[in-house]
Amino acid sequence: MISVCKDLIQFELLRKKITSRNIGLVPTMGNLHLGHLSLIEKSLKDNDITIISIFVNPIQFAPNEDFEKYPRTLERDLELIRQLHAKNFCEKKVIVFSPKKIKDVFSKGFDTTISIGGPLTKKLCGEFRPQHFAGVTTVVYRLFSITKPKVSYFGQKDYQQFQIIKKMVDDLDIDIKLTMMPIIRDSAGLALSSRNQYLKNEDKDHALDLPTTLIQIEKEFHQLGFQKAIDKFSFLKEDKINDQSWQYLEILDSETLDLASEKSEKILLAGAKYVGKTRLIDNRIVAVSHV
Ligand code: AMP
């Protein structure tokens with residue numbers, strides 16, 4: 001059974017009736033694609049009840065970003081959820097929480113920000129979107145407090161976001177398990193994103209430079225070993241960053257997000273690139289050997 005709650009009162013009435021502790025939450029901003037659906041499918045498999053939130057969170061967008069034009073496609077999203085549910089999970093309960101009004105998430109006078117300090121929020125996307133992660137942690141905390149799940153699902157696509165939410169959960173001792181799911185890509189290798197639909201056909205090659213570059217760096221780690229690959233990377237990085245379309249290209253320790261070093265067991269290759277006005281991000285996690 002699928003219930004759709006478009007306001008908080010309706011959702012809370014339903015939530016109070018749930019006795020099972022076995023609840024999975026999938027927070028989204030809607031305009032669902034196969035990446036989102038992989039998270040929903042995992043939650044359906046793992047839990048008695050899956051709550052999917054669909055909320056375009058205003059406080060994670062800067063004034064010059066695409067909050068207004070962000071694609072809102074609720075009816076299509078509900079249809080995709082219905083199809084997935086009907087395929088293998090008819091006996092599982094799904095609640096879609098898609099509040100129409102911002103005040104259903106941030107009540108009138110809401111004046112709290114959950115902000116993670118330290119370098120975790122300052123590098124990669126944080127350097128270029130300084131308020132973004134505080135907007136994300138605040139909305140995710142709020143969604144946790146409204147929905148009270150046992151486990152919540154996120155995509156590796158937003159790897160830094162996942163690490164920041166993990167830090168919030170650890171620091172505030174929140175009793176919710178976090179699960180990260182792999183990046184789903186299109187047949188050409190571009191990570192699926194709601195923003196891909198801003199791309200025109202002729203932008204495709206330009207966009208594919210992002211995943212292709214990350215794959216090339218990964219290959220070099222396997223072929224050349226850690227130090228030689230790092231040395232070679234510094235030239236590539238200079239080239240890319242000189243090309244104005246790249247915002248960042250970094251190799252970091254995947255656990256600490258500090259610069260990758262001889263101590264790093266796994267490294268994060270992360271990039272952000274503009275294709276026209278559309279900003280794309282992507283990453284790969286690579287196990288490295290130092291011998
Ligand atoms: P969004 O609607 O963009 O806020 O994304 C909601 C969730 O879906 C986040 O946890 C994202 O990391 C995840 N997600 C977005 N794109 C993908 C993808 N291509 N593969 C896997 N997960 C994704």
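Counting convention: from 1, in listed order, for ligands and their atoms alike. The model shown is predicted, which means the values in this text are computed figures rather than measured ones.
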N/O donor-acceptor pairs under 3.5 Å from side chains in residues 106-113, not counting sequence neighbours:
none

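- Both the sub-6.0 Å distance and the 45° axial angle are satisfied by Lys69 relative to the ring of Tyr198.
- Evaluation of the salt bridge (Lys or Arg N to Asp or Glu O under 4.0 Å) rule for Asp66 yields Arg195 as partners, not counting sequence neighbours.
- Near ligand 1, heavy-atom contacts under 4.0 Å come from Pro27, Thr28, Met29, His33, Gly35, His36, Leu39, Tyr70, Phe154, Gly155, Lys157, Asp158, Pro182, Ile183, Ile184, Leu192.
- The residues Arg185 and Asp282 are annotated as salt-bridged, a charged nitrogen and a carboxylate oxygen being separated by less than 4.0 angstrom.
- For Thr213 and Lys273, the side-chain atoms include no donor-acceptor pair closer than 3.5 Å.
- For Glu41, there are no side-chain hydrogen bond (donor to acceptor under 3.5 Å, both in side chains) partners, not counting sequence neighbours.
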